[in-house]
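Positions are given from 1 along the sequence. The shown structure was predicted, so the numbers you read here are calculated from the model rather than taken from an experiment.
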Amino acid sequence: MEIRHLSAPAWSAFKAWLLKLNGVPISHLRLLTGGCPAEELPALAKELKRVRADFKKRPNEVSAPADERLRKDYAALGVPWSAWSEVASEVQRDLKRKRYARWTGADALEFPEGPSAQDLVTVLLFGGVEQARAHLLRRASLSAGSLEALWCRWLAGELLEPETLRLFAGAPEQLAEPLYTPGIEEVLPLFFVEPDLARAERALEVASAQMGSARSQPLMDFLRSLLGLWRQDTSVEEVRARFDAYVATVPPSDVAHLTAPAYLYGRYIEALPPHTLLEQVGSRLERIAVPARVADVPPVMDALAALEELTAMGLGLRVEQRPGEVLLSAQEPETGGGDEFL
């Protein structure tokens, strides 16, 4: 019996794209509910040809939050995705016009407290330090005493001592508190502002137990590389690579999370003014090479190829979910297969 093993994220990503297609009812019904009986395989094979043709021309555009599940699948598969090129173009267009559309004129009435920290960091990424500086200082005044205020002042060019951030972080054990705010991802880097190995290792240990998701792994890898740098068993090049890998995973909706890692990069790798550090990050984000079409995403096309091969045998098609994987086999589906894949 012919069998194909697919990872759960690969199958999930394939399903996400399949569900965007119209006119493939058998694929939607059978592939998502346990498999396809032998008598329907010829019709399924015709639909799979349509799926392949569609994937060859369909842009590989992944947006958040609409494609949040697909974005997580891509992250697990190591497939790059980015909405940053569109963001960069929008910001740079407004900067060229010597204004920022949402912050001036009548539109500014919608923002009585000025632009958010997230918007300010986004503009800094793509060269808007002059437009953002006054707003950063105003935001810092409005949120005085908060971590956001510290970062806003630093991004505006004010000195931010590591000791100040260390005091703000508190004890590593506080990361385990259920209502710990700000979020762990925002505070964990603060335990690395001084090369205190024992403190940083303890913070990582506590945070790992709390976070424990594929999405947080690139940040953890970057922070662990700093531990290695302090121990002198990790090279500067490795730390750079880990930082770049982390940056590539951050979506526009989480842009504010970039500030603390950028501070650490500036402290230990390349001492530059804050806005220059952010602009370098912005350049990295713009350079992310994203597959242009769905057909350029190997895990998705591997899933399609497996389906095509098994369907061509004419023996039936069974789809079974196992822990961490999906099993495709050339046999009749189980009787009364459920709709657990929908």
Aromatic ring pairing Phe243/Tyr265, orientation class (parallel under 30°, perpendicular over 60°, tilted between):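 Judged by the thresholds at 30° and 60°, the geometry between Phe243 and Tyr265 is parallel.
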Parallel, tilted or perpendicular, as decided by the 30° and 60° cut-offs, for the rings of Trp154 and Tyr263: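 Judged by the thresholds at 30° and 60°, the geometry between Tyr263 and Trp154 is perpendicular.
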Salt-bridge test for [X] and [Y]: reply yes if a basic N is under 4.0 Å from a carboxylate O, no otherwise.
X      : Y      : value
Lys49  : Glu308 : no
Arg50  : Glu47  : no
Arg240 : Glu270 : yes

Backbone N/O of Val193 and side chain of Arg267: donor-acceptor pair under 3.5 Å: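 At least one qualifying donor-acceptor pair exists.
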Minimal non-hydrogen separation, Ala156 against Arg133, with atom names: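 It is O-NE, 3.1 Å.
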Nearest non-hydrogen partners of Leu310 and Leu328, listed with the distance: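 Heavy atoms of Leu310 and Leu328 come nearest at CD1-CB, 3.4 Å.
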Heavy atoms of other groups near Glu163 CD, more than 12 under 6.0 Å: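 Yes.
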Within 6.0 Å of CG in Asn22, more than 12 heavy atoms from elsewhere: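 Atom CG in Asn22 is not crowded, with 12 or fewer foreign heavy atoms closer than 6.0 Å.
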Hphob cluster co-occupancy, Leu29 + Leu44, side-chain heavy atoms under 4.5 angstrom: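 No, separate clusters.
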Verdict with supporting geometry, Lys20 and Glu61, salt bridge (charged side-chain N to carboxylate O under 4.0 Å, His left out): CA-CA 12 Å; Lys20 293 177 184 286; Glu61 295 176 351; over 6 Å; no
Evaluation steps, side chain to side chain contact (heavy atoms under 4.5 Å, CB included), between Lys56 and Arg293: CA-CA 6 Å; Lys56 286 182 178 179; Arg293 307 287 178 210; over 6 Å; no
Test of ring centre spacing under 6.0 Å for Phe55 and Trp17: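 No: the rings miss the under 6.0 Å criterion.
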Steps toward salt bridge (charged side-chain N to carboxylate O under 4.0 Å, His left out) verdict (Arg71, Asp67): CA-CA 6 Å; Arg71 191 184 68 76; Asp67 293 318; over 6 Å; no
